[in-house]
Amino acid sequence: MMVCEYKPGLEGIPAAESSISNVDGQKGILEYRGIRIEELAEKSTFLETAYLLIWGQLPTSEELKEFEHEVRHHRRIKYRIRDMMKCFPESGHPMDALQASAAALGLFYSRRDLHNPVYIRDAVVRLLATIPTMVAAFQLMRKGNDPVRPCDDLDYSANFLYMLSEKEPDPLASRIFDVCLILHAEHTMNASTFSARVTASTLTDPYAVVASAVGTLGGPLHGGANEEVIQMLEEIGSVAKVRPYLEDCLQRKAKIMGFGHRVYKVKDPRATILQDLAQQLFAKFGSDKYYDIAVEMERVVEEKLGHKGIYPNVDFYSGLVYAKLGIPTDLFTPIFAIARVAGWLAHWKEQLAENRIFRPTQVYNGQHEIAYTAIEER
Ligand code: ACO
């Protein structure tokens, strides 16, 4: 067997062959199934993009209508799941609530009929449909309120915003939220996607696949940075304080949240689109001093760190958009999960099509032939 050099974090080691998405980090290009993200953000919807990712091609209008109908009519969650969620501590993080709830779905639909296209379709629809309902239900229940029932008259994104506030959202707000979901739906072999594929490779059920990926996404090095961007903008407080704040960070060698990326060495294309969405929101609903602080930060970071390829990543402007939509900061990562379910399910299907269980090796650096010491002699 070929022995490879050990690379911490498997950096640069291909973990799968995939045709789902592609990133060119030098040119700032992201494609889903070969289609540029800018085009999808302008012309597609989240559910159409999810279909594209999961089934490999854009749906016909009939296929899309049927898919949207199925998702719309599977949004409700069982009362037993609601009752279980009511017992979660209100101080718990919504990502932990989501991971537990996604896993609980597997208790009700645990059949592992992985060669049956009907089972696969049913699992895809159920997960896409119920994850937003579970996120919104926990948000209301942790404040002591009953969850809001999904509204069949509203599309995917409008319904999620409605379930959070019980008010029908503004159409621009719904469209912008939908574009945010498109932008976060998939991003090649990141930590949570790898986690999803490893879990899928054991041939367990898709609810366990999504629950393991949600757990992986929750960490601050992966999905959690957008919460920290908002905290940082609040801490800076004014445009005048941006430069001293950044100079202090650079002197302390502290990382500036929302900047830098392992793959992108130019501005993340998703950050460009999100900045435009933020501008649209502020134009309609009033400007926000945090947006002005963010723009000044981008200018100063580019001046100081542009030569190292440090530019805004997807998390820099997404928090500003969500905050303007009235979404609480600790729901930013669960919203990332709502979108990324599409990518995880696409990878689940791709993994099953050519499955081999993941079983990497290790470099053992412990001892050998150590004698057992009796407990009274230790
Ligand atoms: N602020 C200041 N300097 C930075 C930043 C940053 N945000 N990111 C990288 N650098 C500098 C490093 O200090 C290092 O400089 P040096 O060569 O002089 O030592 C150089 O750029 C390379 O940095 P690494 O940490 O080795 O880059 P890596 O590819 O490992 O890290 C990461 C990428 C984790 C995203 C990093 O840029 C970072 O921590 N950013 C802030 C957190 C963040 O925004 N995370 C969200 C990422 S997007 C996502 O997961 C959805």
Side-chain angles (χ1 to χ4, degrees), residues 7-13 21 23-26 28-30 32 37 95 179-196 213-236 242-275 290 293-294 296-322 329 331-344 347:
K7 296 269 193 171
L10 301 185
E11 183 176 355
I13 312 246
S21 67
V23 171
D24 182 331
Q26 300 299 329
I29 293 173
L30 169 61
Y32 295 169
I37 193 70
M95 276 303 269
V179 176
C180 290
L181 296 185
I182 294 174
L183 299 178
H184 287 86
E186 160 64 9
H187 207 246
T188 71
M189 194 55 69
N190 51 78
S192 59
T193 299
F194 182 50
S195 175
V214 170
T216 310
L217 183 68
L221 290 187
H222 190 7
N226 53 12
E227 292 186 27
E228 297 191 34
V229 169
I230 292 295
Q231 284 152 14
M232 177 182 69
L233 295 174
E234 285 170 355
E235 193 188 325
I236 295 173
V242 166
R243 188 173 283 274
Y245 177 91
L246 290 176
E247 281 170 352
D248 178 57
C249 286
L250 294 178
Q251 207 195 352
R252 289 186 290 111
K253 294 197 180 302
K255 289 272 174 67
I256 302 152
M257 287 297 125
F259 286 87
H261 199 280
R262 175 67 56 82
V263 185
Y264 293 112
K265 297 304 159 206
V266 293
K267 187 168 175 177
D268 183 329
R270 299 167 298 174
T272 306
I273 301 170
L274 282 160
Q275 183 175 9
Y290 296 122
I293 297 172
E296 176 65 0
M297 279 194 80
E298 180 175 350
R299 202 181 63 76
V300 180
V301 172
E302 182 172 349
E303 175 194 311
K304 304 245 176 227
L305 294 173
H307 65 282
K308 283 193 193 175
I310 310 291
Y311 289 92
N313 60 45
V314 67
D315 286 327
F316 189 57
Y317 287 105
S318 64
L320 280 168
V321 171
Y322 297 147
T329 311
L331 288 196
F332 294 177
T333 317
I335 287 169
F336 194 156
I338 290 174
R340 192 52 65 85
V341 165
W344 294 330
H347 282 272

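Order of listing sets the numbers, starting from 1, for every ligand and every atom in it.
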Side chains of L250 and L305, heavy atoms from C-beta outward: is any pair under 4.5 Å? yes

Using the side-chain contact (heavy atoms from CB on, under 4.5 Å) rule, pick out the option among V179, I182, V314 that qualifies with I273. V179

Quick check: closest heavy atoms across L274 and H184, and the distance to 0.1 Å?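 For L274 versus H184, the nearest heavy atoms are CD1-CE1, 4.4 Å.
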
Between the side chain of Q26 and the main-chain N/O of G28, is any donor-acceptor distance below 3.5 Å?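 Checked: no pair found.
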
Around ligand 1, what residues show up once you keep those with a heavy atom under 4.0 Å from it?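 If the criterion is a heavy atom under 4.0 Å, then ligand 1 touches H222, A225, K255, I256, M257, G258, F259, G260, H261, R262, L305, K308, I310, N313, V314, D315, F336.
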
Is K267 paired with E302 through a side-chain N to carboxylate O contact shorter than 4.0 Å?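 Between K267 and E302 there is no salt bridge, as every charged N stays at least 4.0 Å from the carboxylate O atoms.
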
Ring centres of H187 and Y264 under 6.0 Å apart?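 Distance test on ring centres: under 6.0 Å, yes.
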
